[in-house]
Amino acid sequence: MTTHYLEEAEQLCDRIAIINGGKIIENTTKRALLHQLDKETFEFETAHPLEASPSIPPLTDVEFTLTDETSLRVVKKKSQSINAILAHLTDQGIIITSMRHKTNRLEELYMEMMDHEK
């Protein structure tokens, strides 16, 4: 299968080759490829509107982005505990009503690979 839709490739393929400028820069299993990705992205919905992204000093390497007044995108390293992030948000009075793991991980990895190719 050939596709430019990385989300589709992630759902349907066991092996993936990434081509840049006609050159294969990666050809491996989906599992091995995704293992290279050091980050995970989560989408949180909050019970109450937020005016700004939270600032949590002990979690300086976690990225918080307010995508609308009740939607918070959180990017964390795979090695970090999601429980610690949720505990710190709770301590700040931020109630999370739902959480979704962002599924287009291949797209994130592809973007990182292209940044390194420059």
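Basis for what follows: all heavy atoms, side chains included, without hydrogens, waters or symmetry-related copies.
Under the 4.5 Å side-chain criterion, counting only non-hydrogen atoms from C-beta, Thr3 is not in contact with Cys13.
If you take OG1 on Thr46 and CD on Glu69, they are separated by 8.0 Å, rounding to the nearest 0.5 Å. Put simply, CG on Asp68 and CG on Leu50 are 9.5 Å apart, with the number rounded to the nearest 0.5 Å. Here the CD1 atom belonging to Ile18 is positioned 11.0 Å from the CD1 atom belonging to Ile24, to the nearest 0.5 angstrom. Summarising the geometry, atom CZ belonging to Arg15 is positioned 14.5 Å from atom CE belonging to Met1; distances are rounded to the nearest 0.5 Å. The OH atom of Tyr110 lies 15.5 Å from the CD atom of Glu10; values are rounded to the nearest 0.5 Å. For the atom pair OG (Ser98) and CD (Glu43), the distance works out to 10.0 Å, reported to the nearest 0.5 Å.
Taken together through direct or relayed side-chain contacts under 4.5 Å among Ile, Leu, Val, Met, Phe, Trp and Tyr, Ile95 and Phe64 form parts of separate hydrophobic clusters. The hydrophobic clustering, which links ILVMFWY residues whose side-chain heavy atoms are closer than 4.5 Å, places Met99 and Leu59 together. In terms of hydrophobic clustering, with Ile, Leu, Val, Met, Phe, Trp and Tyr side chains grouped at heavy-atom distances under 4.5 Å, Ile56 and Leu66 are assigned to a common cluster. Hydrophobic clustering, with ILVMFWY side chains joined whenever heavy atoms are under 4.5 angstrom apart, groups Met111 together with Ile25.
For the residue pair His88 and Pro58, the shortest heavy atom distance occurs at CE1-CG, 3.6 Å. Across Leu109 and Leu33, no two heavy atoms sit closer than the pair CD2-O, 3.0 Å. Between Glu45 and Thr70, the closest heavy-atom pair is OE1-O, 3.1 Å. The heavy-atom pair separating Ala9 from Ile16 by the smallest distance is O-CD1, 4.3 Å. When all heavy atoms are compared, the tightest approach of Val74 to Val62 is CG1-CG1, 3.6 Å. For the residue pair Leu106 and Leu6, the shortest heavy atom distance occurs at CD1-O, 3.7 Å.
Between the side chain of Gln92 and the backbone N or O of Ser55, at least one donor-acceptor pair lies under 3.5 Å.
Residues in residues 23-57 take part in these ring-ring contact (aromatic ring centres under 6.0 Å, His included) pairs, two or more places apart or across chains: Phe42-His101. Applying the salt bridge (charged side-chain N to carboxylate O under 4.0 Å, His left out) rule to pairs touching residues 75-99 yields Glu40-Lys76, sequence neighbours excluded.
Tyr5 forms part of no hydrophobic cluster, judged by ILVMFWY side-chain heavy-atom separations under 4.5 Å.
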Arg31 and Asp14: CA distance, side-chain angles, deciding distance, side chain to side chain contact (heavy atoms under 4.5 Å, CB included) verdict
CA-CA 8 Å; Arg31 182 182 179 110; Asp14 293 327; over 6 Å; no

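At most 12 non-hydrogen atoms from other residues, nucleotides or ligands lie less than 6.0 angstrom from NZ of Lys39.
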